[in-house]
Amino acid sequence: MNRRTFLRMMISSSVIISVPAIMPAALAGSGSEETLLFVSQTLTGRQGLDPAICQRLYLLLSRQTHDFDQQLTRLAERLRRHIHLSPEERLAQLSEEEVTTALSIITPWYLGYTGNPATTRATDDAQFVTFLSALMYEPTASITPRPSYSQRGHDYWQAVPEGVTAPPMPENITAWGTDSPRAARVITEPQPEWLAMVEGRARTHADAVRLLSHAEDVNHDAV
């Protein structure tokens with residue numbers, strides 16, 4: 001799936017609310033946080049985006065891309081010229097470079113971060129933007145709490161859904177919270193080989209073993 005198709009799917013999905021987009025003429029091409037807010041509201045279809053989050057996003061994107069202001073100015077001007085068109089028609093007017101810029105702006109509003117998080121390295125280029133205001137949680141907000149932010153108290157998921165017969169459970173299980181008998185009391189130290197791979201010092205387990213063995217030999221010789 002190419003970038004244009006992905007952006008088209010986001011714009012045409014029911015997640016994005018279709019609302020009029022209005023941009024004051026003074027903001028056109030300014031390369032400012034206000035311009036980013038206009039572009040963000042136009043792309044997401046929302047007029048109530050938080051300016052404070054927009055300010056943080058502007059700083060992060062400016063650091064991430066050296067000519068972001070110029071890219072933002074071109075995209076804003078293109079959107080302003082075609083503001084009377086439908087989202088689909090507006091997208092068709094964007095160049096490939098403008099589509100890339102649009103995705104770099106719209107993605108953090110939904111995911112809550114810029115860059116690409118890495119699960120196999122200790123460092124990456126991901127930068128936090130927002131958690132509670134990440135737009136991806138909106139469609140199910142009335143049903144599913146945001147991850148790690150329970151709206152219903154400890155162990156609320158232990159409540160038996162209506163119409164379901166649950167198996168026998170320990171007494172007062174819904175009140176266990178952090179006192180669960182299976183809760184981990186101590187976080188164990190990671191295995192040296194695994195840590196070496198996570199930190200990027202070794203690509204495979206065998207490499208990690210050789211690396212650590214060499215380090216032990218060096219330390220032994222030093223003594």
Is a side-chain donor or acceptor of [X] paired with a backbone partner of [Y] at a separation under 3.5 angstrom?
X      : Y      : answer
Arg46  : Gln41  : no
Ser213 : Arg210 : no
Gln64  : Leu61  : no
Asp125 : Asn116 : yes

Spatial distance of atom [atom1] ([X]) from atom [atom2] ([Y]) [nearest 0.5 Å]:
X      : Y     : atom1 : atom2 : answer
Ile105 : Gln71 : CD1   : CD    : 8.5 Å
Glu33  : Gln55 : CD    : CD    : 4.5 Å
Ser104 : Leu60 : OG    : CG    : 11.5 Å
Glu98  : Leu91 : CD    : CG    : 10.5 Å
Thr101 : Gln70 : OG1   : CD    : 10.5 Å
Ile106 : Leu57 : CD1   : CG    : 11.5 Å

Establish, from distance only, whether the side-chain atoms of [X] and [Y] form a donor-acceptor pair under 3.5 Å.
X     : Y     : value
Glu34 : Ser32 : yes
Glu89 : Ser86 : yes
Tyr58 : Asp69 : yes

- Can you establish whether the number of heavy atoms outside His84 located under 6.0 Å from its atom NE2 is more than 12? yes
If Ile, Leu, Val, Met, Phe, Trp and Tyr residues are connected whenever their side-chain heavy atoms lie under 4.5 Å apart, and connections chain through other members, are [X] and [Y] in the same group?
X      : Y      : value
Leu211 : Leu195 : no
Met136 : Tyr113 : yes
Ile83  : Leu94  : yes

Heavy-atom side-chain contact between [X] and [Y] under 4.5 Å:
X      : Y      : answer
Gln127 : Arg56  : no
Arg203 : Met197 : no
Trp109 : Ser133 : no
Arg90  : Thr42  : yes

- Is it true that Glu77 and Arg80 make a salt bridge, defined as a side-chain N closer than 4.0 Å to a carboxylate O? yes
- Task: Could you please spell out the steps behind the side-chain contact (heavy atoms from CB on, under 4.5 Å) verdict for Phe68 and Leu36?
- Result: CA-CA 10 Å; Phe68 177 71; Leu36 178 60; 4.2 Å; yes
- Message: Counting the benzene-type ring for Trp, do Tyr137 and Phe131 have ring centres under 6.0 Å apart?
- Response: yes
- Taking all atoms of both residues into account, what is the closest heavy-atom pair of Pro108 and Thr114, and its distance? CG-CG2, 3.8 Å
- Which atom names give the shortest non-hydrogen contact between Ala126 and Asp124, and what distance separates them? N-OD1, 3.0 Å
- Take Arg74 and Glu97, measure what side-chain contact (heavy atoms from CB on, under 4.5 Å) needs, and give me the verdict at the end. CA-CA 10 Å; Arg74 288 192 292 270; Glu97 181 182 4; 3.0 Å; yes
- Task: Applying side-chain contact (heavy atoms from CB on, under 4.5 Å) between Val129 and each of Leu111, Thr107, Ile53, Leu59, report the one that passes.
- Result: Ile53
- Message: Evaluate Thr44 against Tyr110 for side-chain contact (heavy atoms from CB on, under 4.5 Å), listing each step before the verdict.
- Response: CA-CA 9 Å; Thr44 63; Tyr110 281 90; 4.0 Å; yes
